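Everything below concerns the one structure shown next.
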Amino acid sequence: MSAQRLSRSFYTNDVLDIAPHLPGKFIVMNNGHCPEKYIITEVEAYRGEEDLACHASKGRTRRNEIMYADGGHIYVYLIYGMYWMLNFVTGKNGNPQALLIRSVEGYNGPGVLSRKLGIDGSYYGEDLVSSDRIWIEDSNIKGKIVTRPRIGVDYAGEYWKSKPWRFVMNLQI
DNA sequence: AGCAAGATCGGT
DNA sequence: CCGATCTTGCTG
């Protein structure tokens with residue numbers, strides 16, 4: 001049985017239902033030769049306009065427009081003028097949610113992993129369901145998921161800052 | 001048009 | 001702790 005690319009129905013669920021299932025799966029980068037697979041180990045959920053840590057908290061803008069699309073699209077943005085943040089849009093059309101991919105095995109930190117994988121602004125809006133250069137595959141990797149507060153969201157206030165919406169997998173190898 | 005802040009990171 | 005580096009969104 002071969003590896004299975006995740007389909008639309010996986011991504012259109014609520015971000016908090018998907019988040020614990022994404023660590024352990026593969027990000028597949030197809031460079032045109034031999035596709036490279038990276039195990040996702042840490043993600044962070046951003047959920048709707050009410051979530052003051054979410055980029056959609058101030059409504060639709062040019063930057064966050066893709067968050068309002070159906071789940072399965074990619075949302076990337078540049079932070080501090082240097083680092084591309086890779087996010088997977090989740091939920092149904094009109095419901096702005098996304099999962100920040102915080103680390104993959106071997107590369108800790110969202111800025112570092114994007115640089116290593118070659119993620120940049122050209123991936124904005126890319127569809128993980130149909131793209132020929134990036135997609136997600138299921139795996140049999142097992143691990144224990146622990147939740148923690150999100151990082152770097154002090155600006156959102158104590159209530160949203162304290163939500164345990166960071167999901168970390170400790171790989172059992 | 002100008003400005004402050006930012007879902008970060010690596011070096012002191 | 002601090003600087004790098006530039007886009008974004010808010011103010012006027």
Side-chain angles (χ1 to χ4, degrees), chain A residues 6 10-27 29 38-128 131 134 136 145-170:
Chain A
L6 300 186
F10 175 83
Y11 301 103
T12 51
N13 290 301
D14 187 272
V15 68
L16 293 179
D17 293 328
I18 299 171
H21 298 293
L22 205 53
K25 289 182 167 42
F26 293 114
I27 294 178
M29 300 300 296
Y38 301 89
I39 305 169
I40 298 171
T41 53
E42 183 177 1
V43 302
E44 228 167 55
Y46 289 87
R47 187 172 186 268
E49 294 182 344
E50 63 172 9
D51 175 5
L52 296 184
C54 181
H55 284 171
S57 65
K58 288 160 188 160
R60 262 181 217 252
T61 66
R62 179 185 175 83
R63 179 175 69 161
N64 69 27
E65 179 65 29
I66 195 65
M67 295 182 80
Y68 289 80
D70 257 333
H73 293 85
I74 287 181
Y75 169 43
V76 280
Y77 64 92
L78 189 65
I79 189 70
Y80 300 113
M82 297 175 239
Y83 303 106
W84 292 102
M85 300 288 100
L86 172 65
N87 296 252
F88 299 159
V89 174
T90 64
K92 292 186 167 53
N93 188 301
N95 190 1
Q97 306 182 335
L99 282 167
L100 169 66
I101 309 306
R102 233 175 205 300
S103 45
V104 296
E105 191 189 17
Y107 302 130
N108 296 321
V112 171
L113 90 83
S114 287
R115 185 183 302 159
K116 293 295 183 182
L117 272 58
I119 300 293
D120 61 19
S122 73
Y123 281 81
Y124 185 95
E126 193 95 0
D127 189 356
L128 291 165
S131 173
I134 182 173
I136 308 304
I145 297 283
V146 295
T147 60
R148 295 283 183 274
R150 295 174 291 184
I151 294 175
V153 295
D154 291 3
Y155 61 84
E158 191 56 35
Y159 179 78
W160 294 103
K161 178 189 170 185
S162 63
K163 291 277 186 193
W165 288 358
R166 181 159 59 102
F167 299 76
V168 186
M169 171 174 273
N170 296 315

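In what follows, every chain begins at residue 1, and chains take the letters A, B, ... in the order their sequences are listed. Here the structure is a predicted model, which means the values were calculated and not measured.
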List the steps and the verdict of side-chain hydrogen bond (donor to acceptor under 3.5 Å, both in side chains) for A:Thr41 and A:Glu105.
-> CA-CA 6 Å; A:Thr41 53; A:Glu105 191 189 17; over 6 Å; no
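- One distance of note links NE2 of A:His73 with OH of A:Tyr123; it measures 15.5 Å at 0.5 Å rounding.
- Residues A:Ile66 and A:Tyr124 form a side-chain contact, since some pair of their non-hydrogen atoms from C-beta on lies under 4.5 Å apart.
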Pairing pattern in dot-bracket form [Watson-Crick, G-U; both distances under 3.5 Å; | = partner strand] for DNA chain C | ||||.||||||.
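- Using a 4.5 Å heavy-atom cutoff, the side chains of A:Tyr75 and A:Glu126 are not in contact.
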Mark up nucleotides 1-9 of chain B, 5' to 3', with B wherever a protein heavy atom is under 4.0 angstrom from a base atom, S wherever such an atom reaches only the sugar-phosphate, and - elsewhere.
-> -----BBBS
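- Closest heavy-atom contact between A:Ser114 and A:Trp84: OG-O, 2.8 Å.
- Minimum interatomic distance between A:Asn13 and A:Gln97 (heavy atoms only, all atoms of both residues): O-OE1, 3.9 Å.
- Nucleotides of DNA chain C lying under 4.0 Å from heavy atoms of chain A occupy a range whose first and last members, 5' to 3', are C:dA4 to C:dC10.
- Comparing the same atom, P, in B:dG2 and in C:dT5 gives a spacing of 22 Å after rounding to whole Å.
- The CE atom of A:Met85 sits 6.5 Å away from atom CG of A:Leu100, with the distance rounded to the nearest 0.5 Å.
- Judged purely by distance below 3.5 Å, without hydrogens or angles, the side chains of A:Glu49 and A:Ser57 never pair a donor atom with an acceptor atom.
- Side-chain contact between A:Asp70 and A:Tyr11 is absent, with no heavy atoms from C-beta onward closer than 4.5 Å.
- A:Ile101 and A:Ile27 make their closest contact through CG2-CD1, 4.1 Å (heavy atoms, listed as atom of the first residue, atom of the second, distance).
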